[in-house]
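Order of the sequence lines fixes the chain letters, A, B, ..., with proteins taken first and strands second; residue numbering starts at 1 for each chain.
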Protein chains: 2
Amino acid sequence: MALEHALLVALSEKPGSGLELARRFERTLGFFWQASHQQIYRVLARMEADGWVEVETVAQEGRPDKRVHTPSATGRAVLREWLAAPMTLEEFRSETAVKLRGASYGDRAAVLRNLAQARADHATRLTHYEQLEREQFPDPAGLTGAALDRWLVLRGGVRLEQFWIDWTTDYLKAHGEAPR
Amino acid sequence: MALEHALLVALSEKPGSGLELARRFERTLGFFWQASHQQIYRVLARMEADGWVEVETVAQEGRPDKRVHTPSATGRAVLREWLAAPMTLEEFRSETAVKLRGASYGDRAAVLRNLAQARADHATRLTHYEQLEREQFPDPAGLTGAALDRWLVLRGGVRLEQFWIDWTTDYLKAHGEAPR
DNA sequence: AGCCCCATGTAACCGGTTACATGATTGG
DNA sequence: CCAATCATGTAACCGGTTACATGGGGCT
């Protein structure tokens, strides 16, 4: 329902080409909204056709030209309207949860092994997020506006990884595995 | 990639018709995997064609017949194989997160208002989960096997709602709103 | 010469959502 | 009689994924 809107947020922070957006998504908004470059190009083309963004072709030294997108007045209005709309209760879809629930119908030892690996992966990502937090927000107390929002969303990423670690730890312990 | 597998888990717990499955999904697995009856019918038909389930038509008093699905030997083997496969690092896709990050490009007061509502919705769901836990698992210490798994997944639901409440509380407080 | 990176895309597919359809039975 | 429930579907759409394509530049 809303790669368009995620792109408008990203372009409001900083105009950019399709590939730049794809790379930014991997690093920032991508914690909570993933998008491949193919899909970004397709949606950007639609947004351009609908007049949500303005495009400027920028020549570069020793590289292909890039098409830099900026939200238009229409795009900014669309974004404002979307931001003010009520949030729907979000659903969480987890293959892992299905596996945990179904473990007794297969090889439980394998499930526990894979879960321990998943737990380690989440721990790695948590460490990464915490490092980003130290680097980008050394003094959170003084933040306001968009910078404060960016910090709070990163905090959400940290909290989410902690959720995963806590839950998987619960599961492993309850089945007699001692994590870490 | 895996409504098939979620259905195999559900049918392993208890065989059932399409509509029964749809209702069960709303109450149990649905915390972590939502599915409409339309899609369940479609996937069940494919599973039947592929020989993953066996179907028995059961006549009922004063109601239409129902087609009860049970995992076949093939289906059980498919489920075992899927359960043993490594888990991929799960991505979380949140429209709310995008709105929080973009709040400064629209009406922040409206975003905060909607977020307070979202927080209340998650609190309601948390209360609901906790009630289910008290009803269905009054004595978790004695659980083993599939029942233990069901409790642990419900615990995951509780933890997830707590994550939402904690995060939204962070955000509201940082922007000078006092929740509750 | 071969490979990776930049940059922009197209095409086929696939899973899930939404809207609609049918027909029987029970309850107000 | 009407509405709701049980039960099973079909059809159109839509967003996202995967695979493939193109062409120039720099690096080894």
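The distance between atom CG of B:L19 and atom P of D:dA4, rounded to the nearest whole Å, is 17 Å. Taking atom CD of residue B:E56 and atom P of nucleotide D:dT8, one finds them 13 Å apart after rounding to whole Å. Distance, B:W33 CH2 to C:dG15 C1': 10 Å, rounded to whole Å. B:L21 places its CG atom 15 Å from the C1' atom of D:dG9, with the value rounded to the nearest Å. In this structure, NE2 of A:H37 is placed 15 Å from P of C:dA11, rounded to the nearest angstrom. The separation between B:M47 atom CE and D:dT8 atom P is 15 Å, rounded to whole Å. Straight-line distance from the CD atom of A:Q38 to the P atom of D:dT22: 16 Å, rounded to whole Å. Counting to the nearest Å, the P atom of D:dG15 and the NE2 atom of A:H5 are 11 Å from each other.
Nearest-nucleotide assignment on DNA chain D puts the 5′-proximal partner with A:Q39, out of A:Q39 and A:P64. Nearest-nucleotide positions on DNA chain D for B:H69 and A:A35 put B:H69 closer to the 5' end.
Judged by distance alone, the side chain of B:R67 and the main-chain N or O of B:G18 form no donor-acceptor pair under 3.5 Å. Remark: the backbone N or O of B:F25 is not paired with any side-chain donor or acceptor of B:T28 at under 3.5 angstrom.
In this structure, of D:dT10, C:dG16, C:dT8, it is C:dT8 that holds the atom nearest to the side chain of A:S17. Nearest to the side chain of B:L3, among C:dG16, D:dG16, D:dT10, sits C:dG16. With C:dA7, C:dT18, D:dT8 as the candidates, the nucleotide lying closest to the side chain of B:K66 is D:dT8.
Legend: residues meeting ring-ring contact (aromatic ring centres under 6.0 Å, His included) with B:W52, ordered by chain and number and at least two apart, are absent.
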Is there a salt bridge (Lys or Arg N to Asp or Glu O under 4.0 Å) between A:E133 and A:R159 once you walk through the steps?
CA-CA 12 Å; A:E133 200 186 348; A:R159 280 194 181 283; over 6 Å; no
Apply side chain to side chain donor-acceptor pair (under 3.5 Å) to residues A:R119 and A:T169 and explain how you reach the verdict.
CA-CA 8 Å; A:R119 185 178 174 282; A:T169 302; 2.8 Å; yes
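The side chain of B:R63 contributes no N or O atom lying less than 4.0 Å from OP1 or OP2 of C:dT25. At D:dA11, none of the side-chain N or O atoms of B:R42 fall inside 4.0 Å of OP1 or OP2 (strictly under the cut-off). In this structure, B:Y41 does not reach the D:dG9 phosphate: none of its side-chain N or O atoms is under 4.0 Å from OP1 or OP2. At the phosphate of D:dG16, neither OP1 nor OP2 sits under 4.0 Å from any side-chain N or O atom of A:S36. An OP1 or OP2 oxygen of C:dG15 is reached within less than 4.0 angstrom by no side-chain nitrogen or oxygen of A:R93. Listed pair B:R46 / C:dC14 fails the phosphate criterion, with no side-chain N or O lying under 4.0 Å from OP1 or OP2.
Among the protein residues, B:Q60 comes within range of the sugar-phosphate backbone only, with heavy atoms under 4.0 Å from sugar or phosphate atoms but none that close to a base.
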